[in-house]
Amino acid sequence: MHSTIALLLALADPPNPSMSMMPKRPNILFAIADDVSWPHFGAYGTKWVTTPHFDRVAKQGILFKNAFTSNPKCSPSRASILTGRYSWQLEEAADHFGIFPSKFKVYTDLLEAAGYHVGFTGKAWGPGDFKAGGWKRNPVGNEYNEAKLKPPLAKISGNDYAGNFKAFLAKRPRDAPFAFWYGGHEAHRSYQEGSGIKAGKKAASVKVPPYLPDDPIVRSDMLDYAMEIEWFDMQLGQMLELLEGSDELAHTLVVVTADNGMAFPRVKGQIYEQDVHLPLAIQWGSTIKAGRVVDDFINFADFAPTFLEAAGVPPPKEMSGRSFLDVLRAKGSGQIDPQRDRTFTGKERHDIGRPNDWGYPARAIRTKEFLYVHNFEPDRWPAGNPETGYTNIDDSPTKSLILKQKASGQTKYWDLSMGKRPAEELFRIKDDPNCLKNLAGNAKLAKVKAALWDELQKKLVEHQDPRILGKGDVFDNYKYTGPRDHGWDEVVKKKGAAN
């Protein structure tokens, strides 16, 4: 047993014996990790990360192979989950560190109105300003963050997620089903450097993706990342034990995923396979046949209508996502719904760090075979300007290594992570899952590229995306609510003072 798992078990209280009622409508436990890529759970075959509880959910339910966010950054991804809408349909909430307008209906409020007990622990919707949008509380629900513990690593949150889940359950009205959001702060940067190696993990076990340097620094950094994933998984395990000990687990729809890919260069905040493609495992007692592996494409905009339909609440017409309850209730593996063979994703302004605080607008369509990306402003720096330190990449030992290599004339990994990109990118995912070979200029694929761009445009017009309608500047002009120390004006001011 991993040392951190043993610590959590030692800290855990026994289950609440009063939780014995069996709701007619399912409980919903939604567990979302922060900045974790889809292959990095044991059920997907990754050996250097130990996730027995995610793996248990997959074994007792369904492991999804094609789950995708509609936006690869924390707050717009979470807004898409809550509203059942693609991020470009959410006005200010399409931007990271934006404002969440209260005019958008969220599944949590709709479930609460239908009699559900609703709450969260850890990271809910954010970062951003929901109060300025007209909300009296976080759109996810009532907050349960009072219980604390001493984590085994200094950089891991001291939030006792499982303890707060227990407190939430204790306040549940009799006969009320619940909808709980477990938002782990893990594996968000920063990590305790060297913690993976110190815990006994082997650097040689890490599979370094080809868009990062295969260097001891990177291997150690990825093992530190693994430690954070395992903490998230351990807290999930305690929640499952609470439910199982009170005969609630069989009546609970358990969903485990992450908001966007890992906080490494070329992943988090970018439109490549490794960031928009995310983990997903779901169990629901006997309602879901155990041990299934499903290929259907699921977008985060599909979660809200699915939860509502499962609870017997009609999804609002404005939800553009589509319930996949039929996929959950089916018996087979592989492709269940033949129409779920593609999805759409995109981004606007994430972290500031360009002139005028502009974003880097992009939209993409992912089919079984291809990922097509349209970068609307290819003259901008996709990871943020060099002058501001590439602010759309979290600081890390790996980032520092790539910048050091660039300074010495080794530009391969800098080009992949931080260099400018063409207006169009096309990748054949089966042959190139790491998106290293851009086929947009391949004459043999010209018709394929044109068809994908045409389909993408039609979907964006259907969604009334301001970007495709020629009104995309609105996204650059929305208020940025986060810290401004990396903003363009601040950098120019500092340079002027230095001169």
Side-chain angles (χ1 to χ4, degrees), residues 1-20 26-34 36 40-43 49-61 117-124 140-153 155-172 177-188 199 226-258 279-285:
M1 180 177 292
H2 196 282
S3 60
T4 45
I5 296 179
L7 173 63
L8 185 59
L9 292 175
L11 291 170
D13 291 327
N16 184 343
S18 66
M19 301 185 327
S20 58
N27 304 314
I28 299 171
L29 173 58
F30 182 72
I32 179 168
D34 199 351
V36 178
H40 298 154
F41 288 86
V49 184
T50 303
T51 55
H53 307 298
F54 178 92
D55 303 349
R56 172 190 176 182
V57 173
K59 185 177 180 179
Q60 295 181 351
H117 179 48
V118 175
F120 76 91
T121 190
K123 184 173 179 177
V140 169
N142 295 315
E143 183 174 356
Y144 291 81
N145 279 326
E146 291 192 2
K148 305 295 180 183
L149 51 70
K150 184 177 180 180
L153 301 175
K155 299 297 184 178
I156 282 178
S157 170
N159 190 319
D160 183 357
Y161 302 116
N164 284 309
F165 181 46
K166 181 181 176 182
F168 164 82
L169 292 173
K171 290 189 176 181
R172 177 172 52 159
F178 69 77
F180 189 74
W181 174 296
Y182 159 36
H185 289 283
E186 296 75 30
H188 194 284
M227 295 291 288
E228 301 249 342
I229 299 172
E230 291 175 4
W231 184 259
F232 167 83
D233 187 71
M234 288 180 286
Q235 293 277 348
L236 170 66
Q238 286 300 296
M239 295 180 188
L240 296 177
E241 285 189 11
L242 280 170
L243 294 175
E244 191 171 38
S246 57
D247 297 324
E248 292 274 14
L249 187 57
H251 313 290
T252 302
L253 175 60
V254 180
V255 179
V256 191
T257 187
L280 178 61
I282 300 179
Q283 72 174 79
W284 183 7

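Here, residue 1 is the first one in the sequence, and each next residue gets the next number.
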Q.
I'd like to know whether Phe180 forms a side chain to side chain contact (heavy atoms under 4.5 Å, CB included) with Asn27, so could you lay out the CA-CA distance, the side-chain angles of the two residues, the decisive distance to 0.1 Å, and finally the verdict.
A. CA-CA 8 Å; Phe180 189 74; Asn27 304 314; over 6 Å; no
(Q) Apply side chain to side chain contact (heavy atoms under 4.5 Å, CB included) to residues Glu186 and Leu153 and explain how you reach the verdict. (A) CA-CA 12 Å; Glu186 296 75 30; Leu153 301 175; over 6 Å; no
Q.
Between Met239 and Val254, does the side chain to side chain contact (heavy atoms under 4.5 Å, CB included) criterion hold? Intermediate values first, please.
A. CA-CA 10 Å; Met239 295 180 188; Val254 180; over 6 Å; no
For [X] versus [Y], what's the shortest heavy-atom pair and its separation?
X	Y	answer
Phe41	Asp55	C-OD1, 4.3 Å
Val49	His40	CG1-O, 3.7 Å
Ala58	Ala43	CB-CB, 4.0 Å

Could I get the full list of side chain to side chain contact (heavy atoms under 4.5 Å, CB included) partners for [X], not counting sequence neighbours?
X	result
Ala187	Val36, Tyr191, Tyr225, Glu228, Ile229
His117	Tyr144, Phe168, Lys171, Arg172, Pro173, Phe178
Ala179	Ile28, Leu111, Tyr116, Val118
Ala147	Asp160, Asn164

Q. Any sub-3.5 Å donor-acceptor pair from Asp34's side-chain atoms to His188's backbone N or O?
A.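 Not a single qualifying donor-acceptor pair exists.
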Q | Thr257 (side chain) donor-acceptor with Leu280 (main chain) under 3.5 angstrom | A | no
Q: Using ring-ring contact (aromatic ring centres under 6.0 Å, His included) as the criterion, list what pairs up with Trp284, not counting sequence neighbours.
A: none
Q) With Tyr161, which residues qualify under ring-ring contact (aromatic ring centres under 6.0 Å, His included), at least two apart? A)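 Expected list: Tyr182.
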Any side-chain heavy-atom pair from [X] and [Y] closer than 4.5 angstrom?
X	Y	result
Glu241	Gln238	yes
Val256	Pro279	no
Trp231	Pro152	yes
Leu29	Glu248	no

